[in-house]
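The structure under discussion appears below in the form of C-alpha cells.
These numbers were taken from a predicted model, which means no experiment stands behind them. The chains referred to below are lettered A, B, ... by the order of the sequence lines, with proteins before strands, and numbering in each begins at 1.
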Amino acid sequence: MAEQISVSQISKYIGQEVTIKGWVYNRTDKGKLCFLLVRDGSGFIQCVAFKGDLQPETFDLLTHLPQESAVIVTGAVREDKRAPGIPGGYELGVKQIEIVQEAGLDYPMSLKDHGPDFALDHRHLWIRMQSQWAILRVRAVVMAATRAWLDSNGFFEMSAPILTPAAAEGTTTLFETEYFDEGKAYLAQTGQLYNEANIFAFGKVYCFGPTFRAEKSKTRRHLTEFWMLEPEIAFCDLGGLMEVEEGLITHIAQTVLRDCAAELKFLGRDVSKLENVTGAFPRMSYDDAAKYLIDLYEKETDSERKELLKFEWGMDFGAPHEAELTKLHDKPLFVYGYPSAVKAFYMEPWPGRPEVCKSVDLLAPEGYGEICGGSERISDHDALLARIHKEGLPEEAFKWYLELRKYGSVPHSGFGMGVERVVAWICGIEHIREAIPFPRTIKRVYP
RNA sequence: UCCUCGAUAGCUCAAUCGGCAGAGCGAGCGGCUGUUAACCGCUAGGUUCCAGGUUCGAGACCUGGUCGAGGAGCCA
C-alpha cells in the first residue's frame, strides 16, 4: 500500500511509490502518453501515464477524464525539470488511478483569462485556479504570521463584537439591522473602542476579524466586508506604535518569503522588493509630505494628472498622492502627524500644535498605499469629551468609552491593518477582491 | 453621488463606410511517447444586454433603460 502524501511534500518522496488524492486541473493527451495536472489543495503535480504501463481500458478512461474530476492516483515520484506544477519539477508515473467522481463536461472555468464579472460570478470555482489558489494561500500565511508575531510579543487576542450599538467613527456609513426590542444595531466598522477597554485588563491586545463599511467606494482598494487586524497597546506612544508596526510587517513579509516561495514565483512576484521589507522603515511628517506633494503638483504639466495631484496643506491624501509618496522609498513608509480635521475624533493632539494629531499611516511601496492606520489615543477624559461634542457625536453612546478615562487612564496607541491590502501588496496583484475568498463589493453579494 | 469606458458563441475577443455572424480557447470525435494555457484534422455551438426609433438593409447610427468595469470622493 503506497503512502498517501500531499503534493507540497513531494520532494521528500523521490523514488518512492505514493498516493495522491485530488482533482484533475488539466489534461493533455499525446497518443500513447497522457499528462494529468492534478491539484490536491497543497499544490499541483503532473501525473504521467504511458499506454503500455496500464490496462487499455484504464488508459482510455484517463484520456477522457474531464477537467476537475476527483481522482486517487498512485505512482512513483521522480524528478524531472520539464514537469510543470507548484512547486513543479516533480512528477508521478501513474501505476493506478481511481476515479472518485467524473466531473461534468460543462465546467465553466477556462485556463485562459476571464473577465472580472464572469470570474466573480464563478468565485466558488475560480478559487480552484492556480493564481487564486496562490493568492489565498499567501493570505492564510499572512494571517497566521500576524497572529504568531503578536502572540509571541505579549499580545492577547480579544474578539471584539460585530453587532454594535453605534457608529465608532462618526460619519462613515454603517450596515444597519433590527435588534429585537433594542432598536437598531450595526455591523462593526472597527473593534478599536472595545480594544481600548481590553488594554486596561490585558495590557496588549488585538482583535482580528471581519469589519464592514457601507461606503459606496468602487475602487481596486475597497471591499464592503474586509478583514482587519487591530492591535491596541497600553503605555505606548506614537514612536512605540511605529516600532510595533515595523516588527509585525517585517515578520509577515519575511514569513511569506520563506513559506510561500512557490506561490510568489507562480504569481511572478519580484521577491527582491519584499526582501527589502525589514528593519526600520522611513518616517516622514505630514508637513514634509505636504511640501513634497505641493511641489509635485506645481511642477506637473499634464492637466489631467495635475488635477489628480491637486494638494494643499490640510487635505487627506488621495490614492495618487499616496502612490507618489511610496515611490520615494523601497520600503514601507510611515507618514505621521496628520491634520486632526481629517482624522478620527479619538486621536491625541500633537503637543503645542492642536491642529495636528499623533496619527500615523503606513504606506506600502510600489504604489500600493495605505495598509495600516493608527494613532495615539486621547487619554484625558475632558479632552475626549470636548472632541465628542465638537464632532456632534452622541455623548450617551460613548458613556462607557469615556469612563475608561476615569479609572487608571494611560497613554495608549493602536492601529488597524487591512489584511486584503497587505495580501494584494505582497502578491503584487491589481485588485484586493482577489485577496479574499468571497469578496463583498458594493455591487456584489453573490456567491 | 460624480466622471470615463464597456456588453457579440460556454469563455476571451474580432467584424473596415451601415451590406452573408467570425476567430482562438473550451466541448465532442480522430491522430501523435514529453506536453507546459500542447499541436494537427473534423464536428456541434448565436434572442449580437433590453425596449423603442432611423434605414431598402442595424452587431454598428439615434433615444431611453439594465448590468458591469476603472477612477474620484471616503476609507483599511
Side-chain angles (χ1 to χ4, degrees), chain A residues 25-37 44 46-53 59 63-64 66-67 80-86 88-89 91 93 103-122 125-126 129-131 169-173 189-192 210-230 304 307-308 310 315-322 342-344 361-364 368-374 415-425 430-433 435-436 441-444:
Chain A
Y25 186 70
N26 194 16
R27 193 195 73 233
T28 306
D29 312 322
K30 263 202 112 300
K32 300 190 177 69
L33 183 60
C34 179
F35 299 100
L36 294 181
L37 189 57
F44 294 69
Q46 173 160 281
C47 301
V48 187
F50 286 98
K51 194 168 186 174
D53 294 348
F59 187 80
T63 57
H64 290 85
Q67 186 187 359
D80 192 318
K81 284 200 170 63
R82 295 169 295 184
I86 303 175
E91 63 182 24
L105 291 171
D106 53 352
Y107 185 66
M109 304 308 288
S110 152
L111 299 183
K112 300 208 172 190
D113 288 341
H114 292 287
D117 195 29
F118 181 88
L120 288 165
D121 276 345
H122 296 83
L125 305 175
W126 189 23
M129 309 303 287
Q130 284 180 318
S131 62
E169 294 183 6
T171 56
T172 320
T173 323
Q189 49 181 294
T190 171
Q192 184 207 313
T211 48
F212 306 88
R213 308 264 166 106
E215 295 155 3
K216 297 199 171 179
S217 300
K218 228 170 78 63
T219 81
R220 69 184 71 194
R221 303 178 313 283
H222 287 88
L223 297 168
T224 56
E225 176 180 324
F226 64 98
W227 277 63
M228 186 156 66
L229 165 78
E230 294 180 276
E304 204 171 310
E307 185 59 31
L308 282 173
K310 193 166 186 174
M315 281 170 64
D316 204 355
F317 302 134
H321 303 120
E322 284 185 0
V342 301
K343 288 291 180 185
D361 283 359
L362 183 61
L363 310 182
Y368 277 90
E370 184 177 356
I371 50 173
C372 297
F415 67 94
M417 178 187 89
V419 171
E420 292 78 15
R421 287 187 178 181
V422 170
V423 172
W425 158 55
E430 281 290 304
H431 203 301
I432 66 167
R433 66 185 164 213
I436 186 168
T441 61
I442 181 172
K443 289 287 184 186
R444 187 173 293 279

Looking for any heavy atom pair under 4.0 Å, which part of the strands does [X] touch: base, sugar-phosphate only, or nothing?
X      : result
A:L37  : nothing
A:H122 : nothing
A:P320 : sugar-phosphate
A:K443 : sugar-phosphate
A:C372 : sugar-phosphate

- Message: Could you check B:C50 for me: syn (within 90° of 0) or anti?
- Response: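 Anti conformation here, the glycosidic angle of B:C50 being more than 90° from 0.
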- side-chain contact (heavy atoms from CB on, under 4.5 Å) with A:D316: which residues, sequence neighbours excluded? A:Y338, A:V342
Which atoms of nucleotides 4-13 of chain B (N or O only) lie under 3.5 Å from a protein N or O atom, and what are those distances?
unit_1 : atom_1 : unit_2 : atom_2 : d
B:C11  : O2'    : A:D113 : O      : 3.4
B:C11  : O2'    : A:H114 : ND1    : 2.9
B:U12  : OP1    : A:G115 : N      : 2.6

- Message: On RNA chain B, does the nearest nucleotide to A:G85 precede the nearest nucleotide to A:E430 from the 5' side, or the other way round? Give the residue.
- Response: A:G85
- Message: Pick the closest RNA chain B nucleotide for A:M315 and for A:M228 by heavy atoms, then say which residue is nearer the 5' end.
- Response: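 Result: A:M315.
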Which distance, rounded to the nearest 0.5 Å, do you find between the [atom1] of [X] and the [atom2] of [Y]?
X      : Y      : atom1 : atom2 : result
A:D361 : A:E370 : CG    : CD    : 4.0 Å
A:L362 : A:C372 : CG    : SG    : 5.0 Å
A:F212 : A:E225 : CZ    : CD    : 4.5 Å

- Could you go step by step and tell me if A:D29 and A:R27 meet the salt bridge (charged side-chain N to carboxylate O under 4.0 Å, His left out) rule? CA-CA 7 Å; A:D29 312 322; A:R27 193 195 73 233; 3.1 Å; yes
- Partners of A:R221 by salt bridge (charged side-chain N to carboxylate O under 4.0 Å, His left out), sequence neighbours excluded?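 Salt bridge (charged side-chain N to carboxylate O under 4.0 Å, His left out) list for A:R221, sorted by chain: empty.
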- Task: For the pair A:F118 and A:H114, name the ring-plane relationship: parallel under 30°, tilted 30 to 60°, perpendicular over 60°.
- Result: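 The rings of A:F118 and A:H114 lie parallel, inter-plane angle below 30°.
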- Under the side-chain contact (heavy atoms from CB on, under 4.5 Å) criterion, do A:T224 and A:R213 qualify, and how do the steps go? CA-CA 5 Å; A:T224 56; A:R213 308 264 166 106; 5.9 Å; no
- Query: Roughly how many Å is it from CG in A:L125 to C1' in B:G26, rounded to a whole number?
  - Reply: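 The distance from CG of A:L125 to C1' of B:G26 comes to 15 Å, rounded to the nearest Å.
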- Item | Separation of atom OH in A:Y107 from atom P in B:C25, rounded to whole Å |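 Spelled out: OH on A:Y107 to P on B:C25 is 20 Å.
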Atom [atom1], compared across [N] and [M]: separation rounded to whole Å:
N     : M     : atom1 : answer
B:U8  : B:A15 : C1'   : 9 Å
B:C25 : B:A58 : P     : 33 Å
B:G46 : B:G22 : P     : 13 Å
B:G59 : B:G73 : C1'   : 37 Å
B:G19 : B:C13 : P     : 24 Å
B:A60 : B:A21 : P     : 13 Å
B:A37 : B:C74 : P     : 44 Å
B:U16 : B:C32 : P     : 42 Å

- Message: Could you spell out the base pairing of RNA chain B as a dot-bracket line? Use Watson-Crick and G-U wobble contacts where both distances are under 3.5 Å, [ ] for crossing pairs, | for partners on a different strand.
- Response: (((((((..((((.....[..)))).(((((.......))))).....(((((..]....))))))))))))....
- Query: Nearest to the side chain of A:T28, which nucleotide is it out of B:A72, B:A27, B:U35?
  - Reply: B:U35
Report, one pair per line, the protein and nucleotides 42-48 of chain B atoms (nitrogen or oxygen only) whose separation is under 3.5 Å.
none

All N/O pairs under 3.5 Å across the protein-nucleotides 31-34 of chain B interface:
unit_1 : atom_1 : unit_2 : atom_2 : d
B:C32  : N3     : A:G31  : N      : 3.2
B:C32  : N4     : A:G31  : N      : 3.3
B:U33  : OP2    : A:K32  : N      : 3.1
B:G34  : O2'    : A:R82  : NH1    : 2.9
B:G34  : N1     : A:E91  : OE1    : 3.4
B:G34  : N1     : A:E91  : OE2    : 2.9
B:G34  : N2     : A:Q46  : NE2    : 3.2
B:G34  : N2     : A:E91  : OE1    : 2.6

So, OP1 or OP2 of [N]: does either fall under 4.0 Å of a side-chain N or O from [X]?
X      : N     : answer
A:R433 : B:G70 : yes
A:H431 : B:G70 : yes
A:R221 : B:A72 : yes

- Message: Once hydrogens and angles are ignored, does a donor-acceptor distance under 3.5 Å link the base of B:C67 to the side chain of A:R444?
- Response: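 Check fails, no donor-acceptor contact within cut-off.
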- Checking only heavy atoms, does the side chain of A:K218 share a donor-acceptor pair with the base of B:A72 at less than 3.5 Å?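 Flag unset: no donor-acceptor pair detected.
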- Message: Before you tell me yes or no, could you show the steps for A:D117 and A:K443 under salt bridge (charged side-chain N to carboxylate O under 4.0 Å, His left out), namely the whole-Å CA-CA distance, both residues' side-chain angles and the distance that decides it to 0.1 Å?
- Response: CA-CA 11 Å; A:D117 195 29; A:K443 289 287 184 186; over 6 Å; no
- Under 6.0 Å from the NZ atom of A:K343, do we count more than 12 heavy atoms belonging to anything else shown?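 Enclosed.
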